[in-house]
Amino acid sequence: QVLVVESGGGSVQVGGSLRLSCAASARTFSSLAMGWFRQAPGKEREFVAGIGRSGVRTTYVDSIKGRFTISRDNARNTVFLQMNNLKSEDTAVYYCAAKVDPYDSTYTGGYEYWGQGTQVTVSS
């Protein structure tokens, strides 16, 4: 069992930045691929970014490319999502997810473990 806990959400103005963190309580965190998803009110949960277990391979949804960066620190069992130049359409609950696999996935069904989510609100 893997416990996943997100932190770092909050309210920010358009053009601002936030850094989300996700801690996973796994003895073998380095064996997990990790992903960030988000869900806006009235919309389905969507993939945002993923990172393989080694941290070399990363995947992003087109709408955030060049603005968001996913990274991981296996020594600290933590994955990060640096979000810059935030837009109002980035407002959502952001979820961290983990899968026991070398490679990340863009599908929600590909992940076995999920956090409770952290709210990100971007206002003009």
Looking at side-chain heavy atoms only, is the closest gap between [X] and [Y] below 4.5 Å?
X      : Y      : value
Glu112 : Val2   : no
Phe29  : Arg76  : no
Val79  : Trp36  : yes
Phe37  : Tyr111 : yes

Exercise answer: donor-acceptor pairs, residues 10-25 side-chain atoms, under 3.5 Å, sequence neighbours excluded:
from	atom 1	to	atom 2	distance (Å)
Ser17	OG	Asn84	OD1	3.0
Ser25	OG	Leu3	N	3.0
Ser25	OG	Leu3	O	3.4

What distance separates Gln39 CD from Gln119 CD, expressed to the nearest 0.5 Å? 11.0 Å
To the nearest 0.5 angstrom, please state how far the CG atom of Asn85 sits from the CD1 atom of Ile64. 12.0 Å
Taking all non-hydrogen atoms of both residues, which atom of [X] and which atom of [Y] are closest, and how far apart?
X     : Y      : result
Thr69 : Tyr60  : CA-OH, 3.4 Å
Phe47 : Asp104 : CZ-OD2, 4.3 Å
Asp73 : Phe80  : CB-CE1, 4.0 Å

Sequence neighbours excluded, which residues qualify as side chain to side chain donor-acceptor pair (under 3.5 Å) partners of Lys65? Asp62
Indicate yes or no for a side-chain donor-acceptor contact from Thr91 to the backbone of Val122 under 3.5 Å, with no hydrogens or angles considered. yes
Is the backbone N or O of Ala33 less than 3.5 Å from a side-chain atom of Arg72, with the two atoms forming a donor-acceptor pair by type? no
Side-chain donor-acceptor pairs under 3.5 Å in residues 92-102, sequence neighbours left out?
from	atom 1	to	atom 2	distance (Å)
Tyr94	OH	Arg38	NH1	2.9
Tyr94	OH	Asp90	O	2.6
Lys99	NZ	Tyr103	O	2.8
Asp101	OD1	Tyr103	N	2.8

Derivation and outcome, side-chain contact (heavy atoms from CB on, under 4.5 Å), residues Thr108 and Trp114: CA-CA 10 Å; Thr108 57; Trp114 290 83; 3.9 Å; yes
